[in-house]
Amino acid sequence: MTIPVFDEYEPPADCGCAGCAQQRRAAALGLTADGEGHPAAHGARRMLVLATAAGVALGGGAPVAANAAGPAHAPATTGADHDPPTPQGGTSPLYGVPGGTGDAAQTGRPALRNITRAEIIERAKLWVNAKVPYSMERYWSDGYRQDCSGYVSMAWNLGTNEWTGSLAAYGVRITRDELEPGDMLLFHNPDNPTRGSHVTLFGGWTDSSHTYYIAYEQTRPRARRLATPYAYWNNSSRYVPYRFKGVSDGSDDGSGGGSPAVPAYPGKSSFGPGANNAYVTRLGEMLIGRGGKRFYSQGRAPGPRWGEADRLATQAFQRAQGWQGSDADGLPGPETWRLLVTGTGKDIPAAGGDGGGGEGSTGGGEGSTGGGGAASPGASAFPGRGFFRPGQSNAYVDKLGRQLVEKGFGKHYLSGTGPRWTEEDRRNVEAFQRAQGWRGAEADGYPGPQTWRRLFA
């Protein structure tokens with residue numbers, strides 16, 4: 001009698017069924033594949049293979065049809081570039097060590113840690129700046145798993161690594177109109193979590209029509225910050241906005257904690273006559289990045305001692321938001337601080353349409369040799385060519401990148417826009433210049449007054 005061959009059935013790597021997906025996830029998490037480790041669907045298929053082999057060996061007639069038991073194998077479809085399969089780990093302690101450095105109890109969820117929106121965004125930027133690579137198996141030096149849900153767990157400062165199936169328990173469902181920086185957009189596919197499930201952090205709207213927003217996310221190949229159509233590139237209607245239950249917008253009583261490195265609002269006592277601290281310096285630097293350079297034009301660098309330049313620049317920023325009276329007194333409150341640290345709100349307009357300094361050069365062509373020219377209402381004046389060169393890092397570079405993306409010229413960004421000038425910025429600017437019909441030196445990829453005017457028109 002022929003001895004039946006009993007082969008272990010391995011789920012195909014591209015199979016989208018729930019059983020195979022669960023098996024692959026269990027294998028990636030290091031779970032055993034015996035006993036209860038096998039999903040039901042996989043176990044059914046394994047028994048089918050054994051029964052088929054035994055039937056052939058014992059002469060029991062034709063083999064059982066391949067689809068006689070268990071769900072059929074349907075090849076997984078390939079998503080768009082912005083929506084790859086998103087395998088992820090499950091809920092686990094920090095560093096993936098049971099009973100280790102995570103502060104969760106063995107039962108229940110860890111206590112929520114209060115955190116401000118500014119702190120959430122600052123934490124999100126840490127992985128973007130470090131270019132943390134995507135992985136559902138590895139843990140970054142801070143203990144969080146390097147996948148999309150581990151990233152949000154890190155940004156929200158949770159005591160565990162959560163996944164898309166559990167993150168909603170830490171938030172409160174909100175509407176699109178209620179979204180603020182630090183909230184999350186969550187899509188969990190319960191039928192097959194490895195297909196489409198994803199989560200991003202909302203970083204603020206990029207346009208007045210609220211069709212694009214800045215998404216902070218962990219995706220292949222690495223963490224990124226990218227202008228993204230609401231709610232996402234694919235499966236847009238299935239993303240749900242949530243607000244973290246532990247979020248705090250700060251306090252104006254001076255008791256707020258924080259530090260210059262993680263700038264939660266420090267309280268009104270940190271600003272005004274007599275103040276001398278690192279927060280004043282940080283305020284001035286942010287105001288310069290938002291168009292307030294002219295207020296510090298008499299050789300005075302920002303901070304740490306509070307001065308009239310700080311008050312005037314702050315007041316100009318507040319008035320740019322449409323505030324009047326006591327709301328624009330030149331002393332930063334929680335809302336002024338939030339808009340500055342998150343890069344949202346309106347920039348300080350140029351004085352009298354002045355283009356600022358540095359744009360009088362004739363280099364770069366663009367059909368113009370002069371200054372800022374007739375910039376359209378609401379468009380900030382060209383800050384000068386010196387801000388857009390290798391080695392430069394400032395808010396103008398980030399603003400340029402976001403506008404390029406909004407205008408449809410962001411295809412060369414691999415990991416989103418940012419404040420540091422890169423070859424990706426230059427190539428996108430060059431594409432925009434060529435679209436204007438410019439060639440040669442007029443399309444060198446370095447913005448001048450005309451590029452700036454047309455881009456922000």
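Just so you know, these numbers come straight off a predicted model, no measurement behind them.
- Ile120 CD1 to Lys125 NZ: the interatomic distance, rounded to the nearest 0.5 Å, is 13.0 Å.
- No close placement of the Tyr446 and Phe388 rings is indicated, their centers lying 6.0 Å or farther apart.
- Trp205 and Phe202 have perpendicular rings, their planes meeting at more than 60° on a 0 to 90° scale where under 30° would count as parallel.
- Note that OG of Ser92 and CH2 of Trp163 are 12.0 Å apart. Values are rounded to the nearest 0.5 Å.
- Contact of the Gln146 side chain with the Pro133 side chain is registered, since non-hydrogen atoms from C-beta on lie closer than 4.5 Å.
- Between Tyr279 and Trp337, the ring planes are perpendicular. Angles over 60° get that label, and only those under 30° would be called parallel.
- Under a 3.5 Å cut-off, the side chain of Asp147 and the backbone N or O of Gly150 do form a donor-acceptor pair.
- Checked by atom type and distance alone, the side chain of Glu119 pairs as donor or acceptor with a backbone atom of Thr116 at under 3.5 Å.
- Taking the six-membered ring for Trp and thresholds of 30 and 60 degrees, Tyr212 and Trp233 have ring planes more than 60 degrees apart, a perpendicular arrangement.
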Given ring pair (Phe, Tyr, Trp, His ring centres under 6.0 Å), test Tyr139 with Tyr95 step by step and report yes or no. CA-CA 6 Å; Tyr139 294 80; Tyr95 300 95; 7.5 Å; no
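- Nearest heavy-atom pair across Tyr170 and Phe244 is O-CD1, 3.3 Å.
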Which is it for Leu414 and Glu424 under the side-chain contact (heavy atoms from CB on, under 4.5 Å) test, yes or no, and what are the steps along the way? CA-CA 8 Å; Leu414 300 179; Glu424 297 167 9; 3.7 Å; yes
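- A salt bridge links Glu180 with Arg117: the distance from a Lys NZ or Arg NE/NH1/NH2 to an Asp or Glu carboxylate oxygen falls below 4.0 Å.
- Within 6.0 Å of NZ on Lys407 lie more than 12 heavy atoms contributed by other residues, nucleotides or ligands.
- At least one side-chain heavy atom of Thr451 sits under 4.5 Å from a side-chain heavy atom of Gln433.
- Ion pairing between a basic and an acidic side chain is recognised when a charged N comes within 4.0 Å of a carboxylate O; Asp347 and Lys399 show such pairing.
- Judged by distance alone, the side chains of Ser326 and Asp329 never bring a donor and an acceptor atom under 3.5 Å apart.
- Residues passing the salt bridge (charged side-chain N to carboxylate O under 4.0 Å, His left out) test with Arg222, sequence neighbours excluded: none.
- Between Ala395 and Gly289, the shortest heavy-atom contact is CB-O, 3.2 Å.
- How far SG of Cys148 is from CG of Leu201: 10.5 Å, rounded to the nearest 0.5 Å.
- Cation-pi check for Arg338 over Tyr265 is not met; the charged atom does not lie both under 6.0 angstrom from the ring centroid and within 45 degrees of its normal.
- The two residues Ala443 and Arg434 come nearest to each other via the heavy atoms CB-CG, 4.0 Å.
- The aromatic rings of Tyr213 and Tyr230 sit perpendicular to each other, their planes meeting at more than 60°, with 30° as the lower class boundary.
- Gly284 and Tyr296 make their closest contact through CA-OH, 3.5 Å (heavy atoms, listed as atom of the first residue, atom of the second, distance).
- By the 6.0 Å contact criterion, NZ on Lys346 is open, its count of non-hydrogen atoms from other residues, nucleotides or ligands being 12 or less.
- At least one donor-acceptor pair under 3.5 Å links the side chain of Asn428 to the backbone N or O of His412.
- Note: Tyr151 and Trp127 have tilted aromatic rings, judged against thresholds of 30 and 60 degrees for the angle between ring planes.
- With respect to the salt-bridge test (charged N to carboxylate O, under 4.0 angstrom), the residues Lys411 and Glu430 do not qualify.
- With no hydrogens or angles considered, a side-chain donor-acceptor pair links Arg453 and Gln450 at under 3.5 Å.
- Between Glu423 and Arg426 there is a salt bridge, since a side-chain N of the basic residue sits under 4.0 Å from a carboxylate O of the acidic one.
- A donor-acceptor pair is defined here as one N or O able to donate and one able to accept, closer than 3.5 Å; no such pair exists between the side chain of Asn277 and the backbone of Pro304.
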Step by step, work out the side-chain contact (heavy atoms from CB on, under 4.5 Å) result for Val172 and Tyr242. CA-CA 5 Å; Val172 177; Tyr242 287 88; 5.9 Å; no
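- Taking all atoms of both residues into account, the shortest heavy-atom contact from Pro447 to Gly445 is CD-O, 3.9 Å.
- Asn157 places a side-chain heavy atom less than 4.5 Å from the side chain of Tyr144.
- Within the 3.5 Å criterion, the main-chain N or O of Ala231 finds a donor-acceptor partner in the side chain of Ser236.
- Geometrically, Arg290 does not engage Phe317 in a cation-pi contact, judged by NZ or CZ lying under 6.0 Å from the ring centre and within 45° of the ring axis.
- Leu167 meets the side-chain contact (heavy atoms from CB on, under 4.5 Å) test with Ser149, Val152, Ser153, Leu158, Glu162, Met184, Val199; sequence neighbours excluded.
- Using a distance-only test at 3.5 Å, with no hydrogens or angles considered, no donor-acceptor pair links the side chain of Asn129 to the main chain of Leu126.
- Side chain of Arg176 to backbone of His210: a donor-acceptor contact under 3.5 angstrom is found.
- A donor-acceptor pair under 3.5 Å links the side-chain atoms of Asn394 to the main chain of Phe387, judged by distance alone.
- Two residues are said to be in side-chain contact when any heavy atoms from C-beta on lie closer than 4.5 Å; Phe295 and Leu287 fail this criterion.
- Here the side chain of Asn161 pairs a donor or acceptor atom with the backbone of Pro93 at under 3.5 angstrom.
- Note: Leu283 CG to Thr314 OG1 = 4.5 Å, rounded to the nearest 0.5 Å.
- Other residues, nucleotides and ligands contribute only 12 or fewer heavy atoms inside 6.0 Å of the CZ atom of Arg427.
- Taking 4.5 Å as the limit, every side-chain heavy atom of Ile214 sits out of range of all side-chain heavy atoms of Leu226.
- For the residue pair Tyr134 / Glu217, no side-chain donor-acceptor distance below 3.5 Å is found, with atom types taken as modelled.
- Atom CD of Glu406 is separated from atom CG of Leu455 by 9.5 Å, given to the nearest 0.5 angstrom.
- Closest approach of Asp327 to Gln318, counting heavy atoms only: O-CD, 3.7 Å.
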Taking it one step at a time, do Gln403 and Leu400 satisfy side-chain contact (heavy atoms from CB on, under 4.5 Å)? CA-CA 5 Å; Gln403 189 70 1; Leu400 172 76; 5.9 Å; no
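- No side-chain heavy atom of Trp156 sits less than 4.5 Å from a side-chain heavy atom of Ile115.
- Side chain of Asp183 to backbone of Leu179: no donor-acceptor contact under 3.5 angstrom is found.
- Side chains of Pro190 and His188 form a contact here, defined as non-hydrogen atoms less than 4.5 Å apart.
- The shortest side-chain heavy-atom distance between Val240 and Leu185 does not fall under the 4.5 Å cut-off.
- Arg225 and Asp398 are joined by a salt bridge, as a carboxylate oxygen and a charged side-chain nitrogen come within less than 4.0 angstrom of each other.
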So Ile348 and Arg294, side-chain contact (heavy atoms from CB on, under 4.5 Å) or not? Walk me through it. CA-CA 10 Å; Ile348 300 172; Arg294 68 177 183 273; 4.0 Å; yes
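- The distance from the CZ atom of Arg311 to the CZ atom of Phe271 is 15.5 Å, given to the nearest 0.5 Å.
- Heavy-atom contacts from other residues, nucleotides or ligands closer than 6.0 Å to CZ of Arg173 number 12 or fewer.
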